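Both counts, for ligands and for their atoms, begin at 1 and track the order of listing. What you see is a predicted model, and the numbers here were worked out from it, not measured in a lab.
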Amino acid sequence: MTSIATTPVNTSHEAARVRSRQLEAELRQDPGRFRVLTGDRPTGPLHVGHLFGTLANRVRLQNLGVEVMVLIADYQTITDRESPASLPADVLGLIADYLAVGIDPDRATIFAHSQVEQLNQLMLPFLSLVSVAEVARNPTVKDEVASAGQAAMSALMFTYPVHQAADILFCHANLVPVGSDQLPHIELTRTIARRFNDRYSPGHRHFPEPEGLLSQAPLILGMDGGKMSKSRGNAIALAASEDETARLIRRAKTDGDREISYEPARRPEVSNLVLLAALCLQRSPEDVAAEVGGGGAGGLKRVLTDALNERLRPLRKRRRELADDPAYLGSVLRAGTERAREIAEATLGDVRELMHNTY
Ligand code: TRP
């Protein structure tokens with residue numbers, strides 16, 4: 001696999017947006033030049049925010065002919081979980097979500113990073129290439145320090161952006177779909193790749209410097225107008241029943257204005273419901289708002305409930321069938337893990353050679 005030309009990328013959102021537009025054109029022209037890595041922490045069922053935010057994009061990239069690696073970041077859950085006992089069920093549930101939305105295990109590689117020891121071993125040389133101060137500057141790490149406190153934070157949490165670099169570089173991925181909050185992670189990964197190349201592989205760029213692909217997907221809020229998240233109880237899971245979906249939408253926050261409009265800045269909660277219905281119906285939000293018109297919040301909620309349940313019906317049916325066949329889900333994970341291991345083993349072998357660790 002050849003990699004894309006290295007263009008200087010700065011972390012500013014605007015520059016990343018411009019570059020992402022170029023990348024989209026390159027993706028359409030020559031999908032075979034890209035290997036995409038994306039992933040999720042297995043912390044529970046994926047929801048409609050994931051569907052319209054990242055899952056649909058992965059399926060789109062896969063269908064363009066791009067190689068997609070889907071990482072289940074199970075090691076990232078050990079820093080903030082009381083008990084790991086639900087992990088196996090969460091991991092299989094995640095795979096069911098992936099396959100139900102259309103990720104095709106014959107084309108994409110789905111794997112859990114705890115099962116790929118050669119990937120994890122890359123963290124050692126990578127840790128040697130960044131300073132403590134550089135890691136501490138990462139905004140997500142900073143947030144954690146601010147909320148947990150430096151003294152209470154685990155060293156694994158502190159170094160997790162370096163682990164993420166290993167997740168990306170082990171397979172020489174050159175493209176990582178991200179939200180703008182993740183751009184600093186990509187920047188650190190690029191720094192690690194560049195320093196590794198400079199120190200151990202001068203003259204031949206061993207690791208690509210991966211680029212972030214900013215999502216064009218709109219942000220979907222939870223039913224209370226906050227960030228959609230399972231832990232806030234404001235998320236509609238892909239696996240939720242039609243009744244649960246109706247219940248969650250019925251309780252959704254709206255405002256007192258009967259006339260429904262699409263004005264995200266002025267009416268964020270109502271506009272979010274309009275947008276979600278529009279995405280399901282593949283129509284413009286303005287159109288959907290006009291159709292509900294004076295029907296008020298009740299009218300809007302009925303339209304959204306029907307639209308969402310209808311949009312999710314085939315996906316949910318497929319998901320139920322998959323969930324009934326854990327042996328199949330396990331076999332998908334084992335096949336993906338096997339492939340990830342082959343890749344990681346080759347990379348670690350090369351890294352050992354380049355670092356003169358072969359005796
Ligand atoms: N941190 C990501 C999340 O919380 C998951 C993840 C782990 C990831 N390693 C990654 C995403 C590498 C992209 C690239 O969802």
Side-chain angles (χ1 to χ4, degrees), residues 9 16 20 34-47 49-51 53-55 57-58 61-62 66-81 87 90-91 93-95 97-98 103 108-116 118-120 122-123 126-127 135 138-144 147 154 156-193 207-215 217 219-220 227-231 235 336-337 340 343-344 347:
V9 171
S20 291
F34 294 90
R35 179 179 272 172
V36 164
L37 184 118
T38 67
D40 302 281
R41 296 151 39 111
T43 52
L46 297 180
H47 51 61
H50 294 116
L51 176 63
T54 65
L55 297 172
N57 193 38
R58 291 178 196 173
L61 292 168
Q62 165 193 280
V66 178
E67 184 180 2
V68 178
M69 308 283 294
V70 184
L71 165 90
I72 298 176
D74 50 350
Y75 268 146
Q76 276 193 9
T77 65
I78 60 181
T79 49
D80 55 18
R81 279 207 169 198
L87 255 181
D90 285 343
V91 167
L94 204 51
I95 296 170
D97 284 335
Y98 290 154
I103 292 176
T109 302
I110 302 172
F111 67 103
H113 65 178
S114 72
Q115 307 302 298
V116 186
Q118 301 89 343
L119 176 164
N120 293 295
L122 291 174
M123 187 146 166
F126 288 177
L127 280 167
V135 178
N138 178 277
T140 313
V141 171
K142 261 191 180 157
D143 285 352
E144 284 294 328
S147 66
S154 78
L156 180 62
M157 176 62 91
F158 183 73
T159 55
Y160 104 88
V162 183
H163 196 207
Q164 232 171 269
D167 290 339
I168 296 167
L169 294 177
F170 96 92
C171 64
H172 296 249
N174 52 14
L175 198 61
V176 186
V178 288
S180 52
D181 58 320
Q182 296 268 313
L183 288 171
H185 290 71
I186 304 296
E187 204 49 46
L188 192 69
T189 301
R190 291 171 63 85
T191 300
I192 289 171
F207 286 115
E209 288 180 45
E211 297 192 83
L213 180 69
L214 277 182
S215 159
L219 181 69
I220 302 294
K227 182 175 154 52
M228 190 180 282
S229 135
K230 187 177 141 265
S231 58
T337 300
I343 296 171
T347 303

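- When only non-hydrogen protein atoms are considered, atom 1 (N) of ligand 1 lies nearest to Gln164 OE1, 2.9 Å.
- When only non-hydrogen protein atoms are considered, atom 9 (N) of ligand 1 lies nearest to Asp167 OD2, 2.7 Å.
- For the pair Ala217 and Gly53, the tightest heavy-atom approach, listed with the atom from each and the gap, is CB-O, 3.6 Å.
- Here the shortest heavy-atom pairing between Tyr75 and Ser114 reads CE1-CA, 3.6 Å.
- Scanning all heavy atoms of the two residues, the minimum distance from Ala193 to Glu209 falls at CB-CG, 4.2 Å.
- Looking at atom 4 (O) of ligand 1, its nearest protein heavy atom turns out to be Arg41 CD, 2.8 Å.
- Looking at Met69, Gln182, Gln76, it is Gln76 that brings a heavy atom closest to atom 5 (C) of ligand 1.
- Heavy atoms of Leu71 found under 4.0 angstrom from ligand 1 belong exclusively to the side chain.
- Each of the atoms 7 (C) of ligand 1 lies under 4.0 Å from some heavy atom of Ala73.
- Which parts of ligand 1 touch Leu37 is read off a 4.0 Å heavy-atom cut-off, strictly below it: atoms 12 (C), 14 (C).
- In summary, Arg41 and Asp90 do not engage in a salt bridge, as defined by a charged side-chain N under 4.0 Å from a carboxylate O.
- In this structure, Tyr160 has its ring center under 6.0 Å from that of His185.
- Aromatic pair Phe170/Phe207: centroids not less than 6.0 angstrom apart.
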